[in-house]
Amino acid sequence: MSEEFDTAHWPTEVTLKKAEKLLEISFDNGRSFRLPAEYLRVESPSAEVQGHGAGQKKTVHGRAHVGIMGLEPVGNYAIRIKFDDLHDSGIFSWRYLYELGERQEELWAKYLAELEKLGLSREPKRRS
């Protein structure tokens, strides 16, 4: 297995809270995280979001109301999250989900700052 999917911490519980639009995940070291769908969507490990190399990450905007339709296991090392904007190409390894939990405050602040810098909004564009 590649280093990308190796993990020091294994999930003990993964709960999708559709109505709250978040994923709750607990790990074997006692840490638990509540990860909002919007946060997971804009930090998706997919090439669509991360690009194909260093420095190619795209700033996804307009996803303030995105939800999660479902979760699909990928082997014993990850899940695929199916978002209601039809994005489903990111494979979220346990390692990556743990990192998103640990760094949630930092990464969210960085995302909000990037939106502001680019003049973008979390809100979707309204159709006329």
So, for [X] and [Y], which heavy atoms are closest and what is the spacing to 0.1 Å?
| X | Y | value |
| --- | --- | --- |
| A37 | V66 | CB-O, 3.4 Å |
| G90 | S44 | CA-OG, 3.7 Å |
| P124 | H65 | CD-CD2, 3.8 Å |

Any side-chain heavy atom of [X] sitting closer than 4.5 Å to one from [Y]?
| X | Y | answer |
| --- | --- | --- |
| F83 | L40 | yes |
| S46 | H87 | yes |
| I79 | L97 | yes |
| K21 | P36 | no |

Quiz item: Got a sec, which pairs hit side-chain hydrogen bond (donor to acceptor under 3.5 Å, both in side chains) with one end in residues 110-121, sequence neighbours left out?
Solution: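 Sorted result for residues 110-121: empty, none.
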Self-check item: Residues forming a salt bridge (charged side-chain N to carboxylate O under 4.0 Å, His left out) with K82, sequence neighbours excluded
Solution: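 K82 satisfies salt bridge (charged side-chain N to carboxylate O under 4.0 Å, His left out) with E72 once adjacent residues are dropped.
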Exercise. Apply side-chain contact (heavy atoms from CB on, under 4.5 Å) to the pair E43 and W108, showing each step before the final yes or no.
Key: CA-CA 9 Å; E43 293 294 337; W108 187 248; over 6 Å; no
Quick one: side chains of residues 27-35, donor-acceptor pairs under 3.5 Å with protein atoms, not counting sequence neighbours, listed by atom name and distance.
residue: D28; atom: OD1; partner: W10; partner atom: N; Å: 3.3
residue: D28; atom: OD2; partner: W10; partner atom: N; Å: 3.3
residue: N29; atom: OD1; partner: R31; partner atom: N; Å: 3.2
residue: N29; atom: ND2; partner: H9; partner atom: ND1; Å: 3.4
residue: N29; atom: ND2; partner: Y98; partner atom: OH; Å: 2.8
residue: S32; atom: OG; partner: S26; partner atom: OG; Å: 2.9
residue: R34; atom: NH1; partner: E24; partner atom: OE2; Å: 2.3
residue: R34; atom: NH2; partner: E20; partner atom: OE1; Å: 3.1

Quiz item: Is it true that the side chains of H61 and E123 contain a donor and an acceptor less than 3.5 Å apart?
Solution: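 Their side chains do not contain a donor-acceptor pair, so the 3.5 Å distance test is not met.
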Quiz item: What do you reckon, is CD of E105 surrounded by more than 12 foreign heavy atoms closer than 6.0 Å?
Solution: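 Open.
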Exercise. Check step by step if side-chain contact (heavy atoms from CB on, under 4.5 Å) holds for M69 and D84.
Key: CA-CA 6 Å; M69 295 190 306; D84 64 9; 3.7 Å; yes
Quiz item: In terms of hydrophobic clusters joined by side-chain contacts under 4.5 Å, are L86 and V49 together?
Solution: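 Different clusters.
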Exercise. Mind checking side chain to side chain donor-acceptor pair (under 3.5 Å) for D85 and listing every partner two or more places apart, or none if nothing turns up?
Key: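 With sequence neighbours excluded, D85 shows a side chain to side chain donor-acceptor pair (under 3.5 Å) to R41, R63, given in chain and number order.
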Quiz item: Y39 and L23: side-chain contact (heavy atoms from CB on, under 4.5 Å), yes or no, with the steps?
Solution: CA-CA 10 Å; Y39 174 60; L23 182 71; over 6 Å; no
Quiz item: What residues, two or more places apart in sequence or in another chain, satisfy side chain to side chain contact (heavy atoms under 4.5 Å, CB included) together with A47?
Solution: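 Side chain to side chain contact (heavy atoms under 4.5 Å, CB included) list for A47, sorted by chain: H52.
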Practice problem: Test V74 against F92 for side-chain contact (heavy atoms from CB on, under 4.5 Å), laying out the working first. | Solution: CA-CA 9 Å; V74 178; F92 290 77; over 6 Å; no
Quiz item: L22: which other cluster members, linking ILVMFWY side chains closer than 4.5 Å, directly or transitively?
Solution: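 Other cluster members: none.
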